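Below is one structure; the comments refer to it alone.
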Amino acid sequence: MTDAAKPRGELTLRTLAMPGDANPAGDIFGGWVMAQMDLASGIRAAERAKGRVVTAAVKEMAFELPVKIGDTLSVYTDVERVGRTSITLIVEAWAHRSRYAKMEKVTAATFIMVALDEEGKPKQVPEE
Ligand SMILES: CC(C)(COP(=O)(O)OP(=O)(O)OC[C@H]1O[C@@H](n2cnc3c(N)ncnc32)[C@H](O)[C@@H]1OP(=O)(O)O)[C@@H](O)C(=O)NCCC(=O)NCCS
């Protein structure tokens with residue numbers, strides 16, 4: 001892995017791509033990768049918000065490379081902006097290939113998470 005191909009942000013979630021997450025050709029479903037990114041985004045945003053958060057929006061996502069059964073998926077998150085009630089994160093998914101020591105970026109997207117109060121209404125993100 002070269003410096004130019006370094007993940008952006010903090011490693012927030014690692015998981016293994018299993019046969020149940022794939023089509024018959026062994027390619028992992030894009031929806032599964034998106035779900036892992038959503039989980040990572042939720043973990044990181046909830047830490048920053050010190051409470052409950054919800055996904056408000058996900059901006060354009062393109063899959064540059066496939067994820068295969070047996071790959072380890074690592075999701076990195078970087079808090080780009082904190083608004084009044086929203087937290088914008090850059091989320092990258094990287095695959096660690098099972099047969100060779102190589103990490104490749106599979107996809108990236110911007111996630112907008114919103115902090116919620118107990119009634120499910122947007123609430124101000126506290127100072128860090
Ligand atoms: C997200 C949600 C809480 C926003 O509620 P709302 O009443 O529209 O709240 P607001 O208009 O005050 O927006 C709250 C914040 O979210 C941001 N926001 C809301 N929708 C957005 C969008 N589509 N894109 C970017 N930012 C958005 C606003 O800019 C605002 O940010 P700020 O406070 O930092 O300025 C509400 O739409 C909701 O509950 N949606 C369902 C979320 C959900 O269930 N997600 C999982 C889907 S399975």
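Position 1 is the first residue of the sequence, and the numbers go up from there. Note that the structure is predicted; figures quoted are calculated from it, not measured. Just follow the structure's listing: the first ligand is 1, and inside any ligand the first atom is 1.
- Using a 4.0 Å cut-off to heavy atoms of V114, the atoms of ligand 1 that qualify are 15 (C), 16 (O).
- Among protein heavy atoms, atom 34 (O) of ligand 1 sits closest to S86 OG, 2.6 Å.
- Rounded to the nearest 0.5 angstrom, E118 CD and K123 NZ are separated by 7.5 Å.
- Using a 4.0 Å threshold on non-hydrogen atoms, atom 29 (O) of ligand 1 does not count as touching the protein.
- No side-chain heavy atom of E10 sits less than 4.5 Å from a side-chain heavy atom of V79.
- Distance screen at 4.0 Å: atom 39 (O) of ligand 1 has no protein heavy-atom neighbour inside the cut-off.
- Nearest to atom 47 (C) of ligand 1 among the protein's heavy atoms is T55 O, 4.7 Å.
- Among D38, V54, I112, V58, the residue whose heavy atom sits closest to atom 26 (N) of ligand 1 is I112.
- Among all non-hydrogen protein atoms, the one lying nearest atom 33 (O) of ligand 1 is T85 OG1, 2.6 Å.
- The presence of a protein heavy atom under 4.0 Å from atom 5 (O) of ligand 1 is confirmed.
- Here the straight-line distance linking atom CD of E47 with atom CD1 of I87 works out to 10.5 Å at 0.5 Å rounding.
- Scanning all protein heavy atoms for the shortest distance to atom 18 (N) of ligand 1 gives A56 CB, 4.4 Å.
- At under 3.5 Å, not a single nitrogen or oxygen of R81, backbone or side chain, sits near a nitrogen or oxygen of ligand 1.
- The closest protein non-hydrogen atom to atom 35 (O) of ligand 1 is R84 N, 4.2 Å.
- Between the CG atom in L11 and the CZ atom in R44 there is a gap of 10.5 Å [rounded to 0.5 Å].
- In terms of protein heavy-atom proximity, atom 3 (C) of ligand 1 is closest to L116 CD2, 3.8 Å.
- No continuous path of ILVMFWY side-chain contacts below 4.5 Å connects Y76 to W32, so the two sit in separate hydrophobic clusters.
- In this structure, atom 10 (P) of ligand 1 has its sub-4.0 angstrom surroundings free of protein heavy atoms.
- Summary of contacts: the protein heavy atom closest to atom 7 (O) of ligand 1 is P122 CG, 4.2 Å.
- Closest to atom 23 (N) of ligand 1 among all protein heavy atoms lies A57 CB, 3.7 Å.
- Atom 14 (C) of ligand 1 is flagged as protein-proximal [any protein heavy atom, distance under 4.0 Å].
- By the rule that hydrophobic residues join a cluster once side-chain heavy atoms approach within less than 4.5 Å of another member, L65 and V67 end up as members of separate clusters.
- When the shell of 6.0 Å around CD of E64 is examined, it contains more than 12 heavy atoms from other residues, nucleotides or ligands.
- Nearest heavy atom pair, residue V125 against residue A49, reads CG1-CA, 4.3 Å.
- Following chains of ILVMFWY side-chain contacts shorter than 4.5 Å, one can reach M34 starting from V106, so the two form part of one hydrophobic cluster.
- Close approach of ligand 1 to G83 is summarised as follows: ligand atoms under 4.0 Å from at least one heavy atom of the residue are 34 (O).
- For atom 43 (C) of ligand 1, the nearest protein heavy atom lies closer than 4.0 Å.
- One hydrophobic cluster, built from ILVMFWY side chains closer than 4.5 Å, holds both I43 and V33.
- The distance from atom OG1 of T110 to atom CE of M61, rounded to the nearest 0.5 Å, is 9.0 Å.
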